[in-house]
Amino acid sequence: MAAKILDGKAIALELRESIAEEIKSQVAKGNKAPGLAVILVGEDPASQVYVRNKKIACEKAGFVDVSMELPASTTQEELLARIDELNARDDVHGIIVQLPVPKHIDPEELIERIDPKKDVDGFHPYNMGRLATRMPVLAPCTPHGVMTMLAKTGIPLRGLNAVVVGASNIVGVPMTLELLNERATVTVCHSATKDLAKKVSEADIVVVGVGIPEMVKGDWIKDGAIVIDVGINRLEDGRLVGDVEYEVAKEKASWITPVPGGVGPMTIATLLQNTLQAAYEL
Ligand code: NDP
């Protein structure tokens, strides 16, 4: 049976429209439109595309874009000072540092400098800690966006076996916490995991964020499983593929996310949702 498609593009559009409506009604009540600052350091081409997409989405939804593009030569101290300024501004409600940053910059120190109330990427240890203790405030965007998509399947997650492949701070670990908070039984896999195929084959839900094209083979997927592919990989022939062998997996799964048009659009929409929450304490 061919899987139903979890159409991230459509779900994200719906979410962005509801955010735009909320901003309109807040502004009509006399409140400020939320301000989002994306700090881009250097000229990484992929980051420039991500930042441009974030700016477009931000402006379309009625946010005020206060982004800054800084040269690769910017020092750690200069960046910390910029973050301090943004923390102090009452027209800025969300601050994110676009990763990766140039090698001479320590990203952890920058993230920790952001006021946790403005940490709309949800990467600050305070926000990770809130998620880990089942009291989330601003949760990391990609995993939280995946939860919004999973809710669209209408399938209760409680008691399901979930396997998360990848254990990074921005994808795998917060994804694990989100699923655990919904009472799924979660197995986290990483580069030292033995017999990954067997672990994946036991999952009712598989979330993959590794960064290796089509690493999870379609025939590992259990019949009827939900497959969420966070991976985005550009092949030499220019095609974009995920971390899951989509064509085979979609014949076994009940629901699956495409790449592109799956998790990617949800990440930006969730960033806007977090900024809205930070601005109005929703
Ligand atoms: P990282 O490189 O930070 O983390 C990769 C993770 O995969 C690590 O935990 C690593 O394990 C694990 N891993 C590596 N090799 C294997 C293996 N052979 N078997 C099992 N696990 C393995 O990547 P990110 O988390 O930042 O990104 C992952 C993917 O998601 C990328 O393709 C990225 O482009 C995409 N992405 C997509 C987003 C979206 O909006 N759709 C947002 C963010 C990322 P270990 O911990 O042991 O090193």
Side-chain angles (χ1 to χ4, degrees), residues 35-58 63-89 91-132 137-145 166-175 177 190-192 209-213 230-236 240 243 263-264 267-268 270-272 274-275 278:
L36 176 63
V38 181
I39 304 176
L40 173 65
V41 193
E43 278 150 29
D44 177 66
S47 294
Q48 285 174 327
V49 173
Y50 290 139
V51 170
R52 195 167 59 234
N53 289 342
K54 282 174 189 169
K55 283 169 110 165
I56 294 169
C58 181
F63 287 72
V64 180
D65 172 37
V66 271
S67 298
M68 40 181 82
E69 291 176 21
L70 303 169
S73 57
T74 312
T75 65
Q76 183 84 9
E77 286 63 37
E78 282 165 344
L79 285 168
L80 291 170
R82 293 294 188 124
I83 291 172
D84 289 342
E85 276 165 33
L86 293 168
N87 280 340
R89 278 173 63 168
D91 60 333
V92 174
H93 304 88
I95 305 168
I96 66 173
V97 177
Q98 182 66 41
L99 302 176
V101 283
K103 285 207 166 45
H104 66 281
I105 301 295
D106 170 9
E108 308 298 340
E109 193 186 15
L110 299 184
I111 290 166
E112 283 209 62
R113 192 67 159 246
I114 297 172
D115 178 346
K117 292 197 185 73
K118 298 188 178 187
D119 165 45
V120 287
D121 255 343
F123 295 160
H124 191 291
Y126 172 83
N127 281 314
M128 289 290 275
R130 296 288 306 205
L131 184 61
V137 182
L138 293 168
C141 299
T142 301
H144 199 64
S168 70
N169 286 346
I170 66 170
V171 181
V173 168
M175 189 72 249
L177 296 171
H190 42 73
S191 63
V210 169
I212 303 175
V230 180
I232 306 175
N233 309 287
R234 172 83 59 192
L235 300 183
E236 276 179 13
L240 272 188
D243 290 347
V263 176
T267 298
I268 296 186
T270 309
L271 174 69
L272 299 185
N274 276 354
T275 310

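We use all heavy atoms of the structure for the numbers below, so side chains are in, but hydrogens, waters and symmetry mates are not.
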For residues M128 and V173, report the shortest heavy-atom separation together with the two atoms involved.
-> CE-CG1, 4.2 Å
Which distance, rounded to the nearest 0.5 Å, do you find between the CG of L110 and the CG of L80?
-> 5.5 Å
Quick one: do Q48 and E43 satisfy side-chain contact (heavy atoms from CB on, under 4.5 Å)? Show the steps, please.
-> CA-CA 7 Å; Q48 285 174 327; E43 278 150 29; 3.5 Å; yes
Start with the C-alpha gap between L271 and K54, add the side-chain angles, then the distance that decides, and say whether side-chain contact (heavy atoms from CB on, under 4.5 Å) holds.
-> CA-CA 9 Å; L271 174 69; K54 282 174 189 169; 3.8 Å; yes
Can you check side-chain contact (heavy atoms from CB on, under 4.5 Å) on V230 and D243, steps first, answer last?
-> CA-CA 7 Å; V230 180; D243 290 347; 5.9 Å; no
First locate atom CG of D115, then atom CZ of R89, and finally report the distance between them rounded to the nearest 0.5 Å.
-> 14.5 Å
Could you give the distance from NE2 (H104) to OG1 (T75), rounded to the nearest 0.5 Å?
-> 7.0 Å
How long is the span from the CG atom in L272 to the CZ atom in F63, to the nearest 0.5 Å?
-> 4.5 Å
Are I114 and V97 side-chain neighbours, meaning at least one heavy-atom pair lies under 4.5 Å?
-> yes
Only one of D119, D84, N87 forms a side-chain hydrogen bond (donor to acceptor under 3.5 Å, both in side chains) with R113, so which one is it?
-> D84
Drop me the distance from L86's CG to K118's NZ, to the nearest 0.5 angstrom.
-> 7.5 Å
Decide yes or no on side-chain contact (heavy atoms from CB on, under 4.5 Å) for D121 and I170, but give the supporting numbers first.
-> CA-CA 9 Å; D121 255 343; I170 66 170; over 6 Å; no
Closest non-hydrogen contact found for I111 with H124 is O-CD2, 3.3 Å
